Each structure stands twice: as C-alpha cells, then as structure tokens.
Amino acid sequence: MGNTFLSSALLIIFHFLASTSSMKLNSILTDQSALLMLKRNILHDPRNLLTTNWSASTPVCGWFGISCGSKHRRVTAINLHGLGLVGTLPPHLGNMSFLSVLSIVDNNFHGRLPVELSDLRRLKHIRFSNNSFDGEIPTWIRSLTRLRSLNLSHNNFQGAIPFSLGYLSKLEILSLSGNQISGLIPSSIFNISSLLNVNLRNNNLSGSIPSVSRDLLSLESVDFRYNNLVGHIPKDMFDHTPKLTELKLGDNLISGRIPSSLFKCKDMRFLSLAANHMEGNLAGEIGNLSMLQVLYIGQNNFKGNVY
Ligand SMILES: *[C@@H]1O[C@H](CO)[C@@H](O)[C@H](O)[C@H]1NC(C)=O
Ligand SMILES: *[C@@H]1O[C@H](CO)[C@@H](O)[C@H](O)[C@H]1NC(C)=O
Ligand SMILES: *[C@@H]1O[C@H](CO)[C@@H](O)[C@H](O)[C@H]1NC(C)=O
Ligand SMILES: *[C@@H]1O[C@H](CO)[C@@H](O)[C@H](O)[C@H]1NC(C)=O
Ligand SMILES: *[C@@H]1O[C@H](CO)[C@@H](O)[C@H](O)[C@H]1NC(C)=O
Ligand SMILES: *[C@@H]1O[C@H](CO)[C@@H](O)[C@H](O)[C@H]1NC(C)=O
Ligand SMILES: *[C@@H]1O[C@H](CO)[C@@H](O)[C@H](O)[C@H]1NC(C)=O
C-alpha cells in the first residue's frame with residue numbers, strides 16, 4: 001500500500017520534472033530551429049553574416065541580431081537592419097512565442113507575411129519598412145493585441161487598410177507610407193486612443209478623412225500627403241487632438257475651409273495643406289499657432305493674408 005503510494009507519488013514528481021525540463025529544452029530549441037529556417041529562407045546574404053554567424057554549434061542568444069530575455073533565455077528580439085538580405089519569412093517564426101521585436105528594416109524580404117506570425121502574442125514592434133513585401137495588409141494583425149508599432153512603409157502592399165487594425169488598442173505608431181494601398185481610410189484608426197503617429201503618405205487612398213470620435217490625447221503626427229483624398233476636413237477633428245504638432249495633408253484633393261477647431265492645437269509646428277482645393281479667408285488666426293515653424297498652404301484657393 002505505502003509503497004504503491006510512494007512510487008506513484010514519485011512517478012508524478014518525475015513526470016512533472018520531465019515535462020517542465022523538456023518544455024524548456026524544446027522552447028529554446030524551437031527558437032533555434034525557427035531561426036535556422038529563416039537562415040535557410042535567405043537566398044542572398046551579401047556580407048555572409050548569417051551564413052557564418054548563425055551556427056547551431058554556438059548558443060542562439062549570442063547570434064548576430066538576436067536578443068534573449070535575461071530570466072527565461074528565450075529569444076525576445078530579432079534585429080537585422082540593412083544587411084541586404086534577400087529572402088522570405090518562414091512560417092516557423094510564429095513558434096517564437098517570446099518574441100517582442102521583429103525588426104528587418106532596409107533589406108529585400110519579399111512575398112506575403114505568413115499568417116503564423118499572428119501566434120506571436122507578445123509581439124510589440126513590427127518594423128518591416130523598406131523591403132519588398134506584397135499582398136494585402138493581413139487582417140490577422142488584429143490578433144497581435146500588444147502591438148505598439150507597425151511600420152510597413154516602403155513595400156509593395158496593396159488593397160485596403162483592414163478596418164480591424166482599429167482593434168489594436170495599444171498601437172502608437174502606424175506607418176504604411178510608400179505602398180500602393182487604396183480604398184478608404186477606416187474610421188477605426190481614429191478609435192485607437194494610444195495613437196501617436198500615423199503615416200499613410202504616398203499611397204492611393206481615396207474618400208475623405210474619417211471623423212475622430214474620441215479624444216486622441218497622445219496623437220502628435222498625422223501624415224496623409226500624396227493620396228487622392230477628397231471632401232472636407234472634419235469640423236470637430238481638432239477638438240479631440242490637443243497634442244497635434246504635425247498635420248500633413250498636402251497633395252490631395254481636399255476642399256472646403258480650414259476648420260476653426262484647428263487653432264486649438266497650440267503645439268502645432270508643421271502644417272501642410274498645400275496643393276489641394278481648399279478655400280476661405282486665411283484670417284489672422286493662423287497667427288494663434290504660436291509654435292508654427294513650417295506652413296505650406298500654396299496651390300489652393302485661399303484668400304487673405306497671413307500675419
Ligand atoms: C556572432 O556575432 C556576434 C555579435 O556580433 C558575436 O558576438 C559572435 O562572436 C559571433 N559569433 C561567431 C561564431 O562568429
Ligand atoms: C513550428 O512551426 C512550423 C510551421 O509553422 C511547424 O511545422 C513546426 O512543427 C512548429 N514546431 C516546432 C517545435 O518547431
Ligand atoms: C532601403 O534599403 C536599401 C538596402 O536594402 C538601402 O540601400 C536603401 O538606402 C534603403 N532606402 C532608404 C530610403 O532608406
Ligand atoms: C518607419 O520606417 C521608415 C523607413 O525605414 C522610417 O523612416 C520611419 O521613421 C519609420 N516610422 C516611424 C514612425 O518609426
Ligand atoms: C472603439 O474603441 C472602443 C473601446 O476602445 C471599442 O469598444 C469599439 O469597439 C471600437 N470601435 C471601433 C469602430 O473600432
Ligand atoms: C489609384 O486608384 C484609382 C482609383 O481610385 C485608380 O484608377 C488608379 O489606377 C490607382 N493608381 C495606382 C497607381 O494604383
Ligand atoms: C486666437 O487668439 C486670440 C487672441 O489671443 C483669441 O482671442 C482667440 O480666441 C483665439 N482663437 C482661437 C480659435 O483659439
């Protein structure tokens with residue numbers, strides 16, 4: 001009796017130890033095999049950096065561009081900037097469950113973003129700018145609920161901005177400039193209260209600027225230049241954006257007057273409305289923007305003088 005109890009208790013303890021240690025072993029090995037798969041997906045590595053450095057005979061946490069957490073020793077960041085890498089992202093990256101930063105700026109990664117990346121629930125920063133990714137901006141990005149920055153600038157993304165991006169309630173930086181994105185700017189974007197910087201410049205966006213339905217107390221910079229936006233600037237937009245310092249709407253097809261709520265943005269430094277179809281009297285109110293350093297209003301139908 002006693003012996004049976006003792007041995008089953010030992011068995012349970014043994015099972016527990018075995019499963020936790022094999023889980024740990026698996027985990028860093030999972031990170032390693034995902035990174036080796038990434039290395040295998042690189043078709044060209046001009047400086048032979050990953051080829052020589054990412055070797056299974058040295059610990060993953062010491063590999064070039066790889067950072068690990070100090071406690072759990074799992075990979076938390078991949079930083080591969082400007083190495084001229086040509087290749088694709090393997091689905092295996094979705095297994096790197098502790099990954100918080102995925103930064104591959106200034107390379108030549110191409111193809112679609114693998115849906116498996118949606119498993120990276122700890123991911124905070126996606127920095128993919130200046131690569132050659134194509135396809136639509138995936139709707140699964142909404143699963144990355146901890147995301148703080150999404151920079152997909154200067155790629156070949158097409159199609160519309162998914163409405164569901166608005167569910168990324170911690171997003172601070174949204175940069176999609178320099179793609180071929182079309183369709184409307186979803187109103188959900190202006191429902192993200194943590195938003196700091198939104199840059200949709202140089203795309204093919206149409207429709208009008210969506211209204212702002214809640215206070216965006218962090219919002220500092222809006223850049224929608226070089227699109228096909230029409231309609232008026234929403235009247236009460238700036239009632240909700242007290243911290244706005246940069247408003248760049250130049251080179252669109254925007255009409256109507258400057259809403260007077262704009263003059264509430266006391267920190268405004270950079271205001272670009274140039275090359276639109278705007279009209280109205282430019283009252284001395286522009287002079288209320290006492291921090292203003294740059295003002296582009298040419299190529300419109302404004303009347304009056306700026307003092
Ligand atoms: C790989 O790169 C890291 C960071 O530059 C360096 O510390 C390490 O010694 C390199 N390892 C090998 C095997 O080249
Ligand atoms: C990791 O992901 C790939 C593809 O998504 C999968 O085939 C593989 O079995 C996963 N697991 C491990 C432990 O590598
Ligand atoms: C984009 O990345 C390439 C390297 O892949 C680099 O030569 C180029 O200067 C980068 N462009 C910009 C605008 O930073
Ligand atoms: C997004 O990436 C571009 C190109 O690398 C860079 O110039 C820009 O500063 C980034 N945007 C933000 C808000 O970090
Ligand atoms: C706006 O945000 C609120 C709370 O953050 C959320 O409940 C609501 O579903 C969002 N609406 C849209 C249209 O994104
Ligand atoms: C931009 O969108 C318009 C329709 O809104 C379309 O006719 C045009 O071909 C698009 N241009 C590019 C460069 O995608
Ligand atoms: C602009 O400044 C003047 C003088 O300080 C003030 O009376 C007026 O209310 C201000 N206008 C706005 C729209 O804030």
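The chain is numbered in sequence order, starting from 1. Here the structure is a predicted model, which means the values were calculated and not measured. First listed ligand is number 1; within each ligand, the first listed atom is number 1.
Scored by the side chain to side chain contact (heavy atoms under 4.5 Å, CB included) test, Ser132 finds Asn108, His110, Asn156 as partners (sequence neighbours excluded).
Around atom 14 (O) of ligand 3, the closest heavy atom drawn from Leu83, Val105, Asn107, Asn130 belongs to Asn130.
Side-chain atoms of Leu174 and Ile161, non-hydrogen and from C-beta on, never get closer than 4.5 Å to each other. In this structure, the side chains of Phe190 and Ile209 come closer than 4.5 Å at one or more pairs of heavy atoms. For the pair Arg269/Val294, no side-chain contact is recorded, criterion being any heavy-atom separation below 4.5 Å from C-beta on.
Between Asp239 and Lys264 there is a salt bridge, with a side-chain nitrogen of the basic residue lying less than 4.0 Å from a carboxylate oxygen of the acidic one.
Summary of contacts: the protein heavy atom closest to atom 5 (O) of ligand 3 is Asp106 O, 3.5 Å. With hydrogens left out, the protein atom closest to atom 7 (O) of ligand 1 is Gly62 O, 4.4 Å, a heavy atom. Ranking the protein heavy atoms by distance from atom 11 (N) of ligand 1 puts Asn53 ND2, 3.0 Å first. In terms of protein heavy-atom proximity, atom 13 (C) of ligand 1 is nearest to Thr58 CG2, 4.2 Å.
When atom types are taken as modelled, the side chain of Asn95 and the backbone of Ala34 share no donor-acceptor pair closer than 3.5 angstrom. A donor-acceptor distance shorter than 3.5 angstrom exists from the side chain of Ser194 to the backbone of Ser169, with no hydrogens or angles considered.
Distances between N or O atoms of Asn95 and those of ligand 2 include at least one value under 3.5 Å. Between Thr52 and ligand 1, a contact under 3.5 Å exists for no N or O pair.
Distance screen at 4.0 Å: atom 9 (O) of ligand 1 has no protein heavy-atom neighbour inside the cut-off.
Contact analysis leaves Ser55 out of contact with ligand 1, as no non-hydrogen atom separation drops below 4.0 angstrom.
Within ligand 2, the atoms closer than 4.0 Å to a non-hydrogen atom of Pro91 are 5 (O), numbered from 1 in the order shown.
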